[in-house]
Amino acid sequence: MSNVKERILGAVTIMSENDAQKVWELIQATFHLANAETDIADEDELAAFHAFHKGDPEYQPSITQEDLIRNLGL
């Protein structure tokens, strides 16, 4: 197993169930995005996309990309 995979498994082992669920959703989204050009967005996805671009606070990130990178140690 690679060092990266070992670090991921170690992090998942000690995180809360809620945080582990978020990581799982991120992994799923990553694979989904790899096929984004062939997927057709549904109405809920389009509504969320438009809300994000209009600045709706419910659809804005709760953490900056820089903070996320720092928190993940990347």
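Everything numeric in this text was worked out from a predicted model, so none of it was measured. Every heavy atom of this structure was used, including side-chain atoms; hydrogens, water molecules and symmetry mates were not.
With values rounded to the nearest 0.5 angstrom, Thr13 atom OG1 is found 11.5 Å from Ile8 atom CD1. Rounding to the nearest 0.5 Å gives a distance of 12.0 Å between CG of Leu9 and CD1 of Ile14. Note that OG of Ser62 and CG of Asp67 are 10.0 Å apart. Values are rounded to the nearest 0.5 Å. Once rounded to the nearest 0.5 Å, the distance linking NE2 of His53 with CG of Asp56 reads 12.5 Å.
By the 6.0 Å contact criterion, CD on Gln28 is enclosed, its count of non-hydrogen atoms from other residues, nucleotides or ligands being greater than 12. In this structure, Gln60 places its CD atom where more than 12 heavy-atom neighbours from other residues, nucleotides or ligands lie under 6.0 Å away. For CD of Glu58, the number of neighbouring non-hydrogen atoms (other residues, nucleotides, ligands) closer than 6.0 Å is 12 at most.
Hydrophobic cluster membership is shared by Phe31 and Val23, with clusters built from Ile, Leu, Val, Met, Phe, Trp and Tyr side chains linked at under 4.5 angstrom.
Between Thr64 and Ile69 the shortest side-chain heavy-atom distance does not fall below 4.5 Å.
Side-chain contact annotation: Gln21 with Glu25, donor-acceptor N/O pair under 3.5 Å present.
The shortest non-hydrogen separation linking Tyr59 to Phe52 is O-CD1, 3.0 Å. Across every non-hydrogen atom of Leu68 and Ile63, the tightest pair is N-CD1, 3.8 Å.
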